Amino acid sequence: MFQPTPRLILRTAAFLGATAVIFGAFAAHALRARLAPEQLGWWQTGVHYQLAHALALLTIPALPLRRPAIPAALFTAGTIIFSGTLYAMALGLPRWLGAITPIGGLLLIGGWIALALLATDR
């Protein structure tokens with residue numbers, strides 16, 4: 001089974017955090033005049049959840065967890081699916097992608113539950 005190193009988890013968190021800031025700035029400066037308010041709302045929701053879960057992912061290597069790969073994988077996959085489908089819809093891809101967005105949300109919830117269940121006393 002693939003076991004991500006703390007370094008890989010931190011790099012993934014840093015990448016997700018950096019791209020969240022880039023995407024937020026892109027929306028504020030380049031997309032604001034081009035997107036309908038609903039589309040801009042989807043984009044901003046994607047940015048918000050991406051940044052929040054990048055920060056959560058950033059903490060995983062420092063936490064006392066039995067299997068840190070599980071919440072790390074759930075947060076990463078959930079962020080990509082949840083935020084990615086919102087970005088895609090905001091940019092005009094089909095709205096049926098909205099049916100996939102909750103899968104990302106469930107993965108994010110699973111990441112938080114995994115944090116709780118896998119915590120140890122060290």
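This chain uses plain numbering: 1 for the first residue, then up along the sequence. Just so it is clear, the values below take in all heavy atoms, side chains as well, and ignore hydrogens, waters and symmetry mates. A quick note: this is a predicted structure, and the numbers were derived from the prediction, not measured.
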> Counting only N and O atoms by type, is there a donor-acceptor contact under 3.5 Å from the side chain of R122 to the main-chain atoms of L63?
Replying inline: yes
>> Whether the side chain of T59 engages the backbone of A56 through a donor-acceptor N/O pair (distance < 3.5 Å, no angle test) should be reported.
In response: yes
Do you know the tightest heavy-atom contact between [X] and [Y]?
{"X": "P102", "Y": "A99", "value": "CD-O, 3.5 Å"}
{"X": "L40", "Y": "A27", "value": "CD1-CB, 4.2 Å"}
{"X": "G104", "Y": "I81", "value": "N-CG2, 3.5 Å"}
{"X": "P61", "Y": "L57", "value": "CD-O, 3.6 Å"}
{"X": "P71", "Y": "R67", "value": "CD-O, 3.3 Å"}

Student check: side-chain heavy atoms of [X] and [Y] closer than 4.5 Å:
{"X": "L91", "Y": "L31", "answer": "yes"}
{"X": "L74", "Y": "L108", "answer": "no"}
{"X": "L58", "Y": "I9", "answer": "no"}
{"X": "T85", "Y": "W42", "answer": "no"}
{"X": "P64", "Y": "D121", "answer": "no"}
{"X": "W96", "Y": "M89", "answer": "no"}
{"X": "S83", "Y": "V47", "answer": "no"}

Nearest 0.5 Å please: distance from the [atom1] atom of [X] over to the [atom2] atom of [Y].
{"X": "L115", "Y": "I60", "atom1": "CG", "atom2": "CD1", "result": "5.5 Å"}
{"X": "Q39", "Y": "R34", "atom1": "CD", "atom2": "CZ", "result": "12.5 Å"}
{"X": "I109", "Y": "I113", "atom1": "CD1", "atom2": "CD1", "result": "7.0 Å"}
{"X": "F75", "Y": "Q50", "atom1": "CZ", "atom2": "CD", "result": "14.0 Å"}

> More than 12 heavy atoms of other residues, nucleotides or ligands under 6.0 Å from CZ of R7: is that the case?
Replying inline: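 No, CZ of R7 has 12 or fewer neighbouring heavy atoms, counting only those of other groups under 6.0 Å.
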>> The criterion is ring pair (Phe, Tyr, Trp, His ring centres under 6.0 Å); which residues satisfy it with Y49, sequence neighbours excluded?
In response: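 Ring pair (Phe, Tyr, Trp, His ring centres under 6.0 Å) list for Y49, sorted by chain: F82.
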> Between W43 and F26, how do the two ring planes meet: parallel, tilted or perpendicular, split at 30° and 60°?
Replying inline: tilted
>> Working note: L118 + I70, criterion side-chain contact (heavy atoms from CB on, under 4.5 Å); need CA distance, chi angles, decisive distance, verdict.
In response: CA-CA 9 Å; L118 297 171; I70 294 172; 3.9 Å; yes
> Can I100 be reached from L107 by stepping across I, L, V, M, F, W or Y side chains whose heavy atoms are under 4.5 Å apart?
Replying inline: yes
>> Checking L16 against H53 for the side-chain contact (heavy atoms from CB on, under 4.5 Å) test, could you report, in this order, the C-alpha distance in whole Å, the side-chain angles of both residues, the deciding distance, and whether it holds?
In response: CA-CA 8 Å; L16 289 174; H53 287 88; over 6 Å; no
